[in-house]
Peer 1: 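Let me give you the structure first, and then I'll get to my questions.
Quick caveat: nothing in here was measured; it's all calculated off a predicted structure. Chain identifiers are assigned alphabetically (A, B, ...) following the order of the sequence lines, protein sequences preceding nucleic acid strands; residue numbering begins at 1 within each chain.
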Number of protein chains: 2
Amino acid sequence: MTDKPTVPSAGLRRDMEILEVLAGHGDGRDADGFGVSWIAQRLGREKSQVSRALRALELEGMVERDPITRRYRLGWRLFALAARTQHARLVQVAAPYLRGLATAFDEDAYLCVLRGNLVLTLMSVPSSRVYHRVWEGVSVPLLMAAAGRSLVADWDDQRIRELLRVTTLPSGLDSAVSGTEEWLADLAHVRSCGYAVTEVELEDSKAGVSAPVRDHRGLITAAISMSVTRAHTAARLHEIGAAVGEAARQLSISLGLVPDGRPIMSPTEGSL
Amino acid sequence: MTDKPTVPSAGLRRDMEILEVLAGHGDGRDADGFGVSWIAQRLGREKSQVSRALRALELEGMVERDPITRRYRLGWRLFALAARTQHARLVQVAAPYLRGLATAFDEDAYLCVLRGNLVLTLMSVPSSRVYHRVWEGVSVPLLMAAAGRSLVADWDDQRIRELLRVTTLPSGLDSAVSGTEEWLADLAHVRSCGYAVTEVELEDSKAGVSAPVRDHRGLITAAISMSVTRAHTAARLHEIGAAVGEAARQLSISLGLVPDGRPIMSPTEGSL
DNA sequence: AAAACTAGGTGCGACTAGCGCAACAGTAGT
DNA sequence: ACTACTGTTGCGCTAGTCGCACCTAGTTTT
């Protein structure tokens, strides 16, 4: 099948699958870890293999085991490594801005980055409302997230068209995706006004606003976004949008962007 | 030699060593990653081996490569895995600490997080006393809870002022809220001593102590708090406060916080 | 109580993944 | 051009590890 050149991927792939299972789905309250057999069955692998792999991972601190329930969960080492990621650094800088937005408007605020054609949420600051879905660490299709428009704002038209052509969405979500030309117009709006507004966000009854965050080279490396209850008027949406745009601009400056000039380099590279 | 039981640790160990080097940099600001040869030499391994391993790790998203400098850094996947598990892990790991505090002082112990401008209690461990009000899942205004001070301890003064200005309290509870300047002084105390003390808690006849819990990114994600019967002397309040602070610190480390800003590994460290 | 069931761990042979060498390919400095 | 790097790759041989089967230990059933 996967006709690979000789890269040692077999063991690693297995370990990653295990870690992915242990991370859970983010939403499910699968709180207190998973047992060997369950994981093995879920992955369609031998119990023995999973058992041994988990022990090895435990030795390295990537997972830890509850001594009484014998269930595994992700370990301190993984978190320590994650903390040294550039994403972690970004989150630390961005945190105050997100908090400011969340408290100012009492709506959920997010920090997202682009990964392939998916939008990965790095951080979410919840509002005070009761129902709060955790999106941190979860990737969603680019077209579904409000942050998407901001993250690709610098792409040239051709690449956008390609993206829209290629992407397939879960059925029934087409309503969230407007036509190609509308998208291009939206991106122009982002570039000029500094923020994007989308009528439909991840959940129904939510609209979204977002704004691009640029690094010191002027490349878009992240986006701040907020999902706003639809009850709000369009005017308020734009009020929030302006605030989000301003926050993103401030954050960009914190990341080393020189404020005034437009040192925007050719967006051939989007990889963070 | 090392008499190993048959666990698949060879490849994993190598991968972990690589990740550790990439995270590494105990001291220097080596910002933009490391090259293959440098890593290989550092680990005393074959270049080819490191090259292939890194490519495999990159496929899994554990590391990222700067396309122009060809240097590797830790990847998004690590962050995503950690981020998704945070909340589940928080409750799981915090439980023993809360129980320890509750039994040590025979007072109720709580784990709280910030949601919008409200403090949400995720878990409560009752003391042995008869009357125990259940706060789990209940949100209270930030200003009313002892945990509030800890949860916003990292906010800058401006945002605190904004918060105090915006927040409106149920009437008759102003006694719990001291002046703005007093609040700022309190937060300074939290930052320096590691715990907060409030004279009035949710219920009358209760005082509160709390301490911030930081996740692997160093951000305050939760707070441990205890409500203490007012009968106790101020001295005891601070005794408990110190214990709560220490528990919060331990919990933070369990969550992957790298203690202090201290480089734990020097470049000459010998875990090779 | 024994039996039945489950959940995790282990011994060992067979087999293949991937290590190490060495040659190769880019890039930069002289 | 040559030299000195960097990172990649082809390939034979070896050791790491996969999978089966068999255990042990805990829990429920009869």
Peer 1: Between A:R159 and A:E162, does any NZ, NE, NH1 or NH2 come within less than 4.0 Å of an OD or OE carboxylate oxygen?
Peer 2: no
Peer 1: Kindly check if the number of other-residue, nucleotide or ligand heavy atoms within 6.0 Å of CD (A:Q41) is above 12?
Peer 2: no
Peer 1: Can you check whether A:S51 has a side-chain N or O nearer than 4.0 Å to OP1 or OP2 of C:dG8?
Peer 2: no
Peer 1: Which residues satisfy the side-chain hydrogen bond (donor to acceptor under 3.5 Å, both in side chains) test with B:Q250, sequence neighbours excluded?
Peer 2: B:E246
Peer 1: Of the listed nucleotides (D:dG7, C:dG9, D:dG19), which one gets closest to any side-chain atom of A:R52?
Peer 2: D:dG19
Peer 1: B:E46 side chain: which of D:dT9, C:dG20, D:dG19 is closest?
Peer 2: C:dG20
Peer 1: How close or far is atom C1' of C:dA25 from atom CZ of B:R70, stated in whole angstroms?
Peer 2: 11 Å
Peer 1: Taking atom P of D:dG16 as reference, at what distance in whole Å does atom CD of B:Q49 sit?
Peer 2: 12 Å
Peer 1: Can you tell me how far the CG atom of A:L74 sits from the CD1 atom of A:I18, to the nearest 0.5 Å?
Peer 2: 11.5 Å
Peer 1: For B:D15 and C:dA17, what is the distance between atoms CG and C1' respectively, to the nearest whole Å?
Peer 2: 14 Å
Peer 1: Would you indicate which nucleotide in C:dG20, C:dG8, C:dT10 comes nearest to any side-chain atom of B:S48?
Peer 2: C:dG20
Peer 1: Tell me, please, which residues at least two apart from B:S51 pass side-chain hydrogen bond (donor to acceptor under 3.5 Å, both in side chains).
Peer 2: none
Peer 1: Rounding to a whole Å, what distance do you find between A:W38:CH2 and C:dT6:P?
Peer 2: 18 Å
Peer 1: Please check the phosphate of C:dG8 (OP1 and OP2 only) for any side-chain N or O of A:S37 closer than 4.0 Å.
Peer 2: yes
Peer 1: Rounded to the nearest angstrom, tell me the gap between atom CZ in A:R14 and atom C1' in D:dG19.
Peer 2: 13 Å
Peer 1: Is A:R42 atom CZ crowded by more than 12 heavy atoms from other residues, nucleotides or ligands, each under 6.0 Å away?
Peer 2: no
Peer 1: Side chain of B:R71, backbone of B:G33: donor and acceptor closer than 3.5 Å?
Peer 2: yes
Peer 1: For the helix from C:dA1-D:dT30 to C:dA28-D:dT3, measure the angle between the helix axis at one end and the axis at the other, each built from five pairs, rounding to 10°.
Peer 2: 30°
Peer 1: Calculate the interatomic distance between B:K47 atom NZ and D:dC5 atom P; express it in whole Å.
Peer 2: 11 Å
Peer 1: How long is the line joining CZ of B:R71 and C1' of D:dG7, in whole Å?
Peer 2: 13 Å
Peer 1: Without decimals, in angstroms, what is the distance between A:L54 CG and D:dT17 P?
Peer 2: 15 Å
